[in-house]
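Down below is the structure, laid out as structure tokens.
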Amino acid sequence: MYFFQGLVYLALSCFHGHYHKLERTENIVIIGGGPAAHTAAIYAARAELNPVLYEGVAAGGQLITTTHIENFPGFPEEISGPALMEKMKKQSEKFGTRIVSENVIGIETHRGNNGLTLYTVHTATQSVKTRTVVVATGASAKRTDIPGTGDNELWNRGVSACTICDGSLPMFRNKIVFVIGGGDSAMEEALFLTKFASAVYIVHRRDTLRASKIMQSRAKNNRKIKILFSSVVTEAHGKDHLDAVTVRNLKNNTTEKHGASGLFFAIGHTPNTAFLPEEIQRDDTGYVLVEKGSTKTTMDGIFCAGDAHDKKWRQAITAAGTGCMAALEAERYLEETK
Ligand SMILES: Cc1cc2nc3c(=O)[nH]c(=O)nc-3n(C[C@H](O)[C@H](O)[C@H](O)COP(=O)(O)OP(=O)(O)OC[C@H]3O[C@@H](n4cnc5c(N)ncnc54)[C@H](O)[C@@H]3O)c2cc1C
């Protein structure tokens, strides 16, 4: 992986022929295009740090895939994900953020004249030198390839990957919903759904759960929850909205169609952090490790905000909150190392 990154840098240096000649050093480069990145950009731009923001190929981030946001303060009538992200982007640009729609493929470290670490952020077509970096590249909810659940099918029309975000929507209230997964988060999400749904089926492909004992017993003791072991969802059905799922029992190879208004993937998330240098420490699932109560990573001048480090809360408002922290911490770092 790192050998590959090295080759990419070398190729970029030769191709552009300007890597060692980068004259200008930016104050701050923000990587990401979701709520964390845009909040960091708004704060950094208002502090006259003149940020550059690489929004990546999935501009707007995870919220782009959702239609109803009822829990972001300031929008009592609810707002769609794309509309909210459009507003955030507009606000970043209003204060002068320079937005580039490219993915960052690597970050290189080198020493400045004064002994401070500087960074060069590379995309496939450009390189920019900077004193600080905010990593706000988020995470991707894992989904399996089940017919009927795709983006142009029933995704967002009964099929979701975020119970906290979508579970209380009217379309799931007093209805039967299905949750795919067998770990702690699947149990937690199923338990959360019991507040709204009439029944919650957990579909798990193995004959034992991976969840901790305590979470298993909470789920098993909830009278609204039923666990379908050794089973997989093989198809989601519905015209405008999900109305049924087909479940296959892997032990006896029988299938059954169940009426369902909701289908939630609860099989984890993958943080978008593979492109980061190895000096930025991550946990064994790839989440960036930050100092407690801070957005500081293990590299001076590199901060991390949003779902790229937060595997617990994973909400737009918490991502925005840590985006604000990252920009303020970067500003302070720039001040202290001037
Ligand atoms: C279906 C769904 C519905 C949701 N509904 C709600 C809700 O109602 N309320 C709520 O609070 N939360 C909701 N969430 C959760 C919320 O979307 C996330 O917590 C939030 O978007 C995280 O923000 P983020 O900025 O950390 O990252 P993300 O939103 O994941 O954005 C990451 C950004 O980083 C960019 N990126 C990634 N890699 C690179 C790279 N190498 N170079 C450059 N850019 C890169 C991507 O292009 C993307 O723009 C929902 C999530 C899902 C999946």
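Note that the structure is predicted; figures quoted are calculated from it, not measured. Remember, it's 1-based here, ligands and their atoms both numbered in the order they're listed.
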- [ ] For residues Lys296 and Val290, determine if any side-chain heavy atom of one lies less than 4.5 Å from a side-chain heavy atom of the other.
- [x] no
- [ ] Identify the protein heavy atom lying closest to atom 14 (N) of ligand 1, giving its residue, its atom name and the separation to 0.1 Å.
- [x] Cys165 SG, 3.2 Å
Open item on the list: Quiz question: by atom type and distance under 3.5 Å, do the side chains of Thr117 and Asp300 form a donor-acceptor pair?
Closed with: no
TODO: Compare every heavy atom of Lys142 with every heavy atom of His269, then report the nearest pair and how far apart it is.
DONE: O-CE, 3.9 Å
- [ ] Give the numbers and elements of all ligand 1 atoms closer than 4.0 Å to a heavy atom of Arg314.
- [x] 15 (C), 19 (O)
Open item on the list: Any carboxylate oxygen within less than 4.0 angstrom of a Lys/Arg side-chain nitrogen, looking at Asp207 and Lys251?
Closed with: yes
Task: Any Met88 side-chain heavy atom under 4.5 Å of Gln91 side chain - done: no
Open item on the list: For a quick test of reading the model, state the closest non-hydrogen atom pair linking Gly238 to Leu154 and the distance between them.
Closed with: N-CD1, 3.8 Å
Task: Element-labelled atoms of ligand 1 that are located less than 4.0 Å from some non-hydrogen atom of Gly61 - done: 28 (P), 29 (O), 31 (O), 48 (C), 49 (O)
TODO: List every atom of ligand 1 that sits less than 4.0 Å from any heavy atom of Ala316, numbering the atoms from 1 in the order shown and giving each element.
DONE: 10 (C), 11 (O), 12 (N), 16 (C), 19 (O)
Open item on the list: Could you tell me if Glu279 and Thr109 have a donor-acceptor pair between their side chains, going purely by distance under 3.5 Å?
Closed with: no
TODO: Provide, to 0.1 Å, the distance between atom 42 (N) of ligand 1 and the closest protein heavy atom, together with that atom's residue and name.
DONE: Val104 N, 2.8 Å
Open item on the list: Assess, by modelled atom type and distance only, whether the side chains of Arg206 and Ser230 contain a donor and an acceptor separated by less than 3.5 Å.
Closed with: no
Task: Ala36 N/O to ligand 1 N/O under 3.5 Å - done: yes
Open item on the list: Students should be able to answer this: which protein heavy-atom is nearest to atom 33 (C) of ligand 1, and at what distance?
Closed with: Gly33 N, 3.3 Å
Open item on the list: Looking only at distances, can you tell me whether any N or O atom of Ile31, backbone or side chain, sits closer than 3.5 Å to an N or O atom of ligand 1?
Closed with: no
Open item on the list: Below 30° counts as parallel, above 60° as perpendicular, anything between as tilted: where do the rings of Tyr201 and His258 land?
Closed with: tilted
Open item on the list: Is the positively charged end of Arg282 above the ring of Tyr287, judged by distance under 6.0 angstrom from the centroid and angle within 45° of the axis?
Closed with: no
Open item on the list: How far is atom 1 (C) of ligand 1 from the closest protein heavy atom, and which atom is that?
Closed with: Thr65 OG1, 3.7 Å
Task: Pair Thr137, Asn272: side-chain N/O donor-acceptor within cut-off below 3.5 Å - done: no
Open item on the list: Looking only at protein heavy atoms, which one is nearest to atom 27 (O) of ligand 1, and what is the separation?
Closed with: Gly138 CA, 3.2 Å
- [ ] Taking only heavy atoms of Leu63 into account, list the atoms of ligand 1 that are under 4.0 Å away from them.
- [x] 5 (N), 6 (C), 13 (C), 14 (N), 16 (C), 17 (O)
Open item on the list: Between ligand 1 and His38, can you find any atom pair, the residue atom being a heavy atom, that is separated by under 4.0 Å?
Closed with: no
Task: From Lys213, Lys220, Arg218, residue fulfilling side chain to side chain donor-acceptor pair (under 3.5 Å) relative to Gln216 - done: Lys220
Open item on the list: Any heavy atom of Phe275 closer to ligand 1 than 4.0 angstrom?
Closed with: yes
Open item on the list: Counting only heavy atoms closer than 4.0 Å, does ligand 1 sit against the backbone of Asn71, its side chain, both, or neither?
Closed with: side chain
Open item on the list: Closer than 4.0 Å to some heavy atom of Ala136 - which atoms of ligand 1 meet that?
Closed with: 32 (C), 33 (C), 34 (O)
Open item on the list: Can you tell me if Pro35 contacts ligand 1 (heavy atom of the residue under 4.0 Å from the ligand)?
Closed with: yes
TODO: List every atom of ligand 1 that sits less than 4.0 Å from any heavy atom of Glu55, numbering the atoms from 1 in the order shown and giving each element.
DONE: 35 (C), 44 (N), 46 (C), 47 (O), 49 (O)
- [ ] Before signing off on this row, confirm whether Cys162 and ligand 1 have an N or O atom pair separated by under 3.5 Å.
- [x] no
TODO: Give the residue and atom name of whichever protein heavy atom lies nearest to atom 37 (C) of ligand 1, and the separation in Å to one decimal.
DONE: Thr137 O, 3.4 Å
- [ ] Run the numbers for me: atoms of ligand 1, each under 4.0 Å from some heavy atom of Ala139, listed by number.
- [x] 30 (O)
- [ ] Would you mind checking which non-hydrogen protein atom is closest to atom 3 (C) of ligand 1, with the distance to 0.1 Å?
- [x] Thr66 CB, 3.6 Å
Task: Glu102 neighbourhood, listing ligand 1 atoms whose heavy-atom distance to it stays under 4.0 Å - done: 43 (C)
- [ ] Could you name the option among Asn103, Asp307, Ile317 that has the heavy atom nearest to atom 22 (C) of ligand 1?
- [x] Asp307
TODO: Look at Arg98 together with Glu93 and state whether they make a salt bridge at an N to O cut-off of under 4.0 Å.
DONE: no
Open item on the list: For ligand 1, which is the ligand I care about here, please tell me if Gln315 has any N or O atom under 3.5 Å from one of the ligand's N or O atoms.
Closed with: yes
Task: Pair Phe172 + Phe264: ring centers closer than 6.0 Å - done: yes
Task: Salt bridge flag under 4.0 Å for residues Arg24 and Glu26 - done: yes
Open item on the list: What protein heavy atom lies closest to atom 48 (C) of ligand 1? Include the residue and the distance to one decimal.
Closed with: Ala58 O, 3.2 Å
Open item on the list: Does only the side chain of Ser140 get under 4.0 Å from ligand 1, or the backbone, or both, or neither? Count heavy atoms.
Closed with: neither
TODO: Spell out, yes or no, whether Ile317 and Ile69 are grouped together once hydrophobic residues are joined by side-chain heavy atoms under 4.5 Å, including indirect joins.
DONE: yes
- [ ] May I ask you to check if ligand 1 and Gln62 share an N or O to N or O distance below 3.5 Å?
- [x] yes
